[in-house]
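Input: a single structure, listed below in structure tokens.
Computed from heavy atoms alone, side chains included, the values below leave out hydrogens, waters and symmetry copies. For the single chain, residues carry numbers from 1 onward in sequence order.
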Amino acid sequence: MSYTEQELDRLSKALEKDPKLLHTLKLIYDYHSRVFKCPKCGSSELEKISLLQYKCKQCGSTLIYPSFSPSDFSPNIPFSHMLELVNLGIIEAAHGGSKGISYVLVKSELVKRALENKGFIEELPKIELPELEGELESEEFISLISDFRNIVNLILKSVKSGGSAHFLLLGPKISLKSLIIEELTRIPGSYFYVPSADPSLDEVLWSVKPNPLIIPNLDKMRSSVDLSTLVNFVSSNRVFVRKVGDLVQHRSTVTASSSSERGIPRDLVSYFITLHLPPIEDEVLRRKIVTKLVMERSGKSEKLANYIAGKSSLFSDFGFREFLELAKLCDDEDCVDSVVSLLVKYSKPIERRKRRTKGQKS
């Protein structure tokens with residue numbers, strides 16, 4: 001442990017005296033988490049050589065710590081907070097420059113502990129499907145669940161490491177694609193961005209700083225500004241925010257989905273790890289998965305969840321998310337039948353009637 005209980009007690013008392021100091025600590029810790037990584041291999045296991053120089057224990061590369069100043073943050077950090085943190089030994093002054101004195105975080109473990117105690121840092125949940133084993137033990141089912149867990153854990157590994165890999169999931173709605181997207185939305189700090197929505201993508205990255213960033217239907221992203229923002233972000237972890245006229249750096253794992261690569265710029269696709277996920281064609285397998293998901297996510301009884309899942313054959317274009325939305329509407333089978341009858345009647349576009357030819361009787 002790189003701090004003492006006395007240091008933690010002093011910091012805790014300072015936070016009780018000035019609660020706004022907690023927000024400043026979170027800003028500084030988030031910045032540190034983004035930049036305190038080996039530029040070559042991404043490892044955070046660094047050995048200190050001097051105040052600003054570190055050596056990677058994994059590959060031996062050298063990192064020059066990019067110091068920060070109060071004006072680097074939005075809103076700017078009060079100078080009184082900087083003085084308080086210097087007095088507590090949490091940050092140290094590095095050097096002067098065009099923005100004045102800059103600083104480095106030297107007690108990151110202490111800050112992390114203080115933030116954890118205040119509930120500002122949450123452990124990412126262990127992501128896996130609820131008890132799906134038992135009733136189904138076919139090789140296809142076992143392989144499907146294994147692939148699901150392996151892909152989610154791969155994405156989660158990138159999220160936990162600070163985000164440097166990006167993933168593009170291609171496939172129909174009834175595939176692992178929609179299951180994976182549904183699971184990722186449960187991660188604290190995730191953001192589900194609908195292409196070309198308001199606010200714009202650059203504003204979301206600036207104000208929310210999500211990790212992971214989830215973009216469904218990437219092929220529907222038509223805004224040239226959003227596409228340019230996304231290309232710049234996945235290629236450099238930087239984004240120009242038009243609203244504030246500033247360049248912001250942020251690390252995040254982007255996970256996007258689409259039915260195919262058609263409609264997605266090739267230069268954008270090249271920055272993603274692309275996974276082609278086939279449809280789940282087995283009707284029994286689909287129904288069992290829908291049943292378990294509805295029970296787990298919506299708290300419905302097994303009987304009602306199975307009844308909802310039984311409607312899957314009526315909607316070939318439904319994904320797992322649509323069945324979860326259906327489950328939110330109903331608490332009994334009569335309600336399910338009523339909603340389903342409306343969906344069957346109105347979920348498809350109405351074909352335009354042919355125009356009557358001149359002189360045709362009405």
Are any non-hydrogen side-chain atoms of V208 and E203 less than 4.5 angstrom apart?
-> no
Are V241 and L247 linked, directly or through other ILVMFWY residues, by side chains that come within less than 4.5 angstrom of each other?
-> no
Step-by-step side chain to side chain contact (heavy atoms under 4.5 Å, CB included) determination, L27 to Y31 | CA-CA 6 Å; L27 288 175; Y31 170 83; over 6 Å; no
K55 atom NZ, over 12 foreign heavy atoms within 6.0 Å | no
Step by step, would you call K112 with E109 a salt bridge (charged side-chain N to carboxylate O under 4.0 Å, His left out)?
-> CA-CA 5 Å; K112 181 180 179 182; E109 291 300 318; 5.1 Å; no
Where do A309 and R287 come nearest, in terms of heavy atoms and distance?
-> CB-O, 3.4 Å
Out of curiosity, K220 NZ to S258 OG, how far, rounded to the nearest 0.5 Å?
-> 6.5 Å
Looking at E7 and R10, does any basic side-chain N land under 4.0 Å from a carboxylate oxygen?
-> no
Can you tell me how far CG of L88 sits from CG of L21, rounded to the nearest 0.5 angstrom?
-> 7.5 Å
Roughly how far apart are I155 CD1 and T255 OG1, rounded to 0.5 Å?
-> 4.0 Å
Could you grab the distance from atom CG of L285 to atom CD1 of I280, nearest 0.5 Å is fine?
-> 6.0 Å
With sequence neighbours left out, the residues meeting ring-ring contact (aromatic ring centres under 6.0 Å, His included) with F36 are H32, Y54
For D334, does its backbone N or O pair with a side-chain atom of S338 as donor and acceptor, under 3.5 Å?
-> no
Applying side chain to side chain contact (heavy atoms under 4.5 Å, CB included), run through L105 and I90 and close with a yes or a no.
-> CA-CA 6 Å; L105 178 62; I90 291 173; 3.6 Å; yes
Say whether, by atom type as modelled, one donor and one acceptor occur between the side chain of H166 and the main chain of S235 under 3.5 angstrom.
-> no
Under the 3.5 angstrom rule, does the side chain of K177 hit a backbone N or O of I174 as a donor-acceptor pair?
-> no
Among the clusters formed by ILVMFWY side chains lying less than 4.5 Å apart, do V225 and V231 turn up in the same one?
-> no
R186 to S190 - nearest heavy-atom pair and separation = N-OG, 4.5 Å
Closest heavy-atom pair and its distance - D226, L201 = OD1-N, 3.2 Å
Would you kindly confirm whether F192 and L324 end up in one hydrophobic cluster when ILVMFWY residues are joined by side chain heavy atoms under 4.5 Å apart?
-> yes
Report the distance from atom CG of L184 to atom CG of L179, rounding to the nearest 0.5 Å.
-> 11.0 Å
Result for side-chain contact (heavy atoms from CB on, under 4.5 Å) between V239 and one of L230, D202, N232 points to D202
Heavy-atom pair with the smallest gap, counting every atom of M221 and Y193 | CE-CE2, 4.2 Å
When rounded to the nearest 0.5 Å, the distance separating CD1 of I91 from CD1 of I77 is 8.0 Å
Kindly state each residue pair satisfying salt bridge (charged side-chain N to carboxylate O under 4.0 Å, His left out) with at least one member in residues 255-269, sequence neighbours excluded.
-> none
Looking only at atom types and distance, does a side-chain atom of S252 sit under 3.5 Å from a main-chain N or O of P210, one as donor and one as acceptor?
-> yes
Test K13 against E16 for salt bridge (charged side-chain N to carboxylate O under 4.0 Å, His left out), laying out the working first.
-> CA-CA 5 Å; K13 289 180 179 178; E16 291 175 3; over 6 Å; no
S69 side chain reached by M82 side chain, heavy atoms, under 4.5 Å = no
Side-chain heavy atoms under 4.5 angstrom apart, residues restricted to Ile, Leu, Val, Met, Phe, Trp, Tyr: same cluster for M295 and L329?
-> no
Are the side chains of S200 and R242 in touch, meaning some heavy atoms are under 4.5 Å apart?
-> yes
N306 side chain to E302 backbone, donor-acceptor under 3.5 Å | no
Audit row: L168, L268, side chain to side chain contact (heavy atoms under 4.5 Å, CB included) steps and yes/no | CA-CA 10 Å; L168 176 59; L268 178 57; over 6 Å; no
Would you confirm whether S228, through its side chain, and S224, through its main-chain N or O, come within 3.5 Å as a donor-acceptor pair?
-> no
State, without any angle test, whether H81 and D18 hold a side-chain donor-acceptor pair at a distance under 3.5 Å.
-> yes
Heavy-atom side-chain contact between L277 and D147 under 4.5 Å | no
For S178 and S175, the nearest pair of non-hydrogen atoms, with its separation, is OG-O, 3.2 Å
How about S260 and D219: do any of their side-chain heavy atoms sit closer than 4.5 Å?
-> no
Determine yes or no for a side-chain-to-main-chain donor-acceptor pair under 3.5 angstrom, with N211 supplying the side chain and V159 the backbone.
-> yes
Return yes if a side-chain donor-acceptor contact under 3.5 Å exists between D337 and Y307, otherwise no.
-> yes
Parallel, tilted or perpendicular: which fits the ring planes of F68 and Y103, with parallel below 30° and perpendicular above 60°?
-> tilted
Taking it one step at a time, do L275 and L176 satisfy side chain to side chain contact (heavy atoms under 4.5 Å, CB included)?
-> CA-CA 10 Å; L275 301 174; L176 287 181; over 6 Å; no
Which pair of heavy atoms, one from V106 and one from G89, lies closest together, and at what distance?
-> CG2-O, 3.4 Å
